[in-house]
Amino acid sequence: MNDSHRTIREQLGAYLLGGLTAPEETALRAHLDGCPDCRAELDDLRPVADALAGVAPQDLAHAPAPPPFLIERVLDEVRRTPRPAAAPPRRRAPLLVAAAVVVAALVGGGVGFLAGTGPDAPREAVAVRTLAGGVQASATVIPHTWGIEITLDADGFTAGTPYRVVVTDDAGRTVGAGEFLGTGADPMVCNLNTSVLRAQAAGFDVLDPDGRVVVHGEL
């Protein structure tokens with residue numbers, strides 16, 4: 001797979017969730033028109049995107065704890081699923097993606113994407129300024145080919161209150177990077193993703209329900 005084709009594959013998730021810019025979406029649609037493999041990959045990802053689109057942050061305030069045996073049951077099902085000897089790599093992806101999403105949701109207590117946060121991913125410290133009393137925060141950013149990933153390590157956000165994160169690019173445009181619920185005095189680590197590339201990212205803001213900036217980060 002060449003670099004341009006790999007970039008298209010990495011953008012499919014953001015496309016399904018409305019996270020691409022207009023030029024990126026136009027280029028991706030043009031590629032899909034002539035690439036049946038990528039169209040099939042897109043169809044495989046639709047159920048995951050549809051499930052995530054139906055999740056509201058306020059509904060996660062009192063999420064029930066899953067039974068402890070569920071993770072092992074999912075992994076057992078993956079192990080038992082037969083794999084044809086000649087199966088193409090793309091057809092194995094849906095089962096592995098589904099298992100990864102379930103395990104990530106159970107371990108993290110919410111819903112999110114696994115976005116390449118391994119130990120070798122380059123992390124850049126971010127200058128963070130808090131604008132609300134009681135809130136303490138630090139952040140790092142990881143550049144990707146599809147955009148950037150922000151890891152927010154914080155406490156002091158009002159428990160159960162939904163907060164929205166936006167990234168501002170060099171042109172002054174704001175793009176959503178996700179939402180989270182405040183955990184009060186309990187520490188939280190939140191991974192946020194946006195389609196803004198690192199070269200164009202100028203900063204990010206955490207906004208309360210009234211649109212006030214609670215935390216500002218310089219990128």
Any side-chain heavy atom of [X] sitting closer than 4.5 Å to one from [Y]?
{"X": "I148", "Y": "T194", "result": "yes"}
{"X": "R123", "Y": "V141", "result": "no"}
{"X": "F180", "Y": "V206", "result": "yes"}
{"X": "L28", "Y": "E25", "result": "no"}

Exercise answer: donor-acceptor pairs, residues 152-159 side-chain atoms, under 3.5 Å, sequence neighbours excluded:
unit_1	atom_1	unit_2	atom_2	d
T158	OG1	Y163	OH	3.4

Practice task
Would you kindly say whether T21 and E24 are connected by a side-chain donor-acceptor distance under 3.5 Å?
Solution key: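 There is such a pair (donor and acceptor under 3.5 Å, judged by atom type) between the side chains of T21 and E24.
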
Could you pull out every donor-acceptor pair under 3.5 Å between side chains of residues 207-219 and any protein atom, sequence neighbours left out?
unit_1	atom_1	unit_2	atom_2	d
D208	OD1	D210	N	2.9
D208	OD1	G211	N	3.0
D208	OD1	R212	N	2.8
D208	OD2	R212	NE	3.1
D208	OD2	R212	NH2	3.2
D210	OD2	R212	NH2	3.2
H216	ND1	F204	O	3.4
H216	ND1	D205	OD1	2.6
H216	NE2	E218	OE2	2.7

Look up atom [atom1] in [X] and atom [atom2] in [Y], then write down how far apart they are to the nearest 0.5 Å.
{"X": "L45", "Y": "Y15", "atom1": "CG", "atom2": "OH", "answer": "12.5 Å"}
{"X": "D44", "Y": "R39", "atom1": "CG", "atom2": "CZ", "answer": "13.0 Å"}
{"X": "H144", "Y": "T7", "atom1": "NE2", "atom2": "OG1", "answer": "13.5 Å"}
{"X": "L42", "Y": "Q11", "atom1": "CG", "atom2": "CD", "answer": "12.0 Å"}
{"X": "D37", "Y": "L32", "atom1": "CG", "atom2": "CG", "answer": "11.0 Å"}
{"X": "T151", "Y": "L192", "atom1": "OG1", "atom2": "CG", "answer": "8.0 Å"}

Handout entry: Worked verdict on R173 versus T168 for side-chain contact (heavy atoms from CB on, under 4.5 Å)
Key = CA-CA 5 Å; R173 182 181 63 117; T168 304; over 6 Å; no

Practice task
Sorted by first residue and then second, give each salt bridge (charged side-chain N to carboxylate O under 4.0 Å, His left out) pair with at least one member in residues 124-147; sequence neighbours left out.
Solution key: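 Pairs touching residues 124-147 that pass the test: E124-R198.
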
Practice task
Group every Ile, Leu, Val, Met, Phe, Trp and Tyr by side-chain heavy-atom contacts under 4.5 Å, then state whether V128 and M188 land in the same group.
Solution key: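 Looking at the clustering, M188 is in the same group as V128.
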
Problem - Closest contact, heavy atoms only, T140 versus A125 - result: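 Nearest heavy atoms, T140 then A125: CG2-CA, 4.3 Å.
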
Handout entry: S195 side chain to G19 backbone, donor-acceptor under 3.5 Å
Key =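 Checking the backbone N and O of G19 against the side chain of S195, a donor-acceptor pair under 3.5 Å is found.
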
Problem - Residue pair E149, N191: steps toward the side-chain contact (heavy atoms from CB on, under 4.5 Å) verdict - result: CA-CA 7 Å; E149 177 183 355; N191 291 324; 4.0 Å; yes

